[in-house]
Amino acid sequence: MSQIVRREPVSFLFDELFSDFFNRGGWQVSARPTELTTAVRARMDVLDKGDKYAVVLDLPGVRKEDIHVTIEGARVAVSAESKGEKEVKNGDKLLHTERHASSYARSFELPAEVTEEGADAAFENGVLRLTLPKRAQLLSKRLAVR
């Protein structure tokens, strides 16, 4: 039976309120004061499936080659970039051109450490699905003193 991973309600609401407040509209000031870049927080679902976690992230407009996933213990980080260009020409006369660039990022900590062995990442139709097996817990063993 699948179970949704939950955090403390107050902590979750606080994080969501302030992260969405500061990223509303998706604009962040870059290192250069004259340059703005869009950064969108990827929406996700996390399910606890007993021996593994299933994570689903929405990454519209991204190519799978532009997605990066890192795992360190219980921390998972996902980042992706989307760039594109659209031109409308009438013969040799350029009538309209547009460029867009956006980036997605999400970093989160799971309740238990996960392992890369058996982990899977599949991307289709703008949706990234991660299967992250839980690391086997080490049981403490008591030694008899001779």
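Just the heavy atoms: all of them, side chains too, but no hydrogens, waters or symmetry mates, feed the values below. If you're wondering where the values come from, they're calculated on a predicted model, not measured in any experiment. Position 1 is the first residue of the sequence; numbering continues from there.
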If you apply the rule side-chain contact (heavy atoms from CB on, under 4.5 Å), what do you find for V56 with L128, and how did you get there?
CA-CA 6 Å; V56 179; L128 176 65; over 6 Å; no
Drop me the distance from [X]'s [atom1] to [Y]'s [atom2], to the nearest 0.5 angstrom.
| X | Y | atom1 | atom2 | result |
| --- | --- | --- | --- | --- |
| L132 | E116 | CG | CD | 10.0 Å |
| K83 | R63 | NZ | CZ | 10.5 Å |
| D48 | Y53 | CG | OH | 5.0 Å |
| T115 | I71 | OG1 | CD1 | 8.0 Å |
| S102 | E81 | OG | CD | 8.5 Å |
| Y104 | R41 | OH | CZ | 14.5 Å |

If I compare all heavy atoms of [X] with all of [Y], which pair ends up nearest, and what's the gap?
| X | Y | value |
| --- | --- | --- |
| F123 | I67 | CD1-CD1, 3.5 Å |
| R75 | S107 | NH1-OG, 2.9 Å |
| A112 | A74 | O-CB, 3.6 Å |
| P133 | K52 | CA-CB, 3.7 Å |

Side chain to side chain contact (heavy atoms under 4.5 Å, CB included) test vs L130 passes for just one of V69, D120, V46, namely V69
V145: hydrophobic cluster co-members (side-chain, 4.5 Å)
none
Is there a donor-acceptor pair closer than 3.5 Å between any side-chain N or O of [X] and the backbone N or O of [Y]?
| X | Y | answer |
| --- | --- | --- |
| K134 | E113 | no |
| S82 | G61 | yes |
| R106 | A42 | yes |

Count the heavy atoms of every other residue, nucleotide or ligand shown that sit under 6.0 Å from CZ of R135, and state whether that count exceeds 12.
yes
If you draw a 6.0 Å radius around CD in E124, do more than 12 non-hydrogen atoms from other residues or ligands fall strictly inside?
no
pair V76-L110: side-chain heavy atoms closer than 4.5 Å:
yes
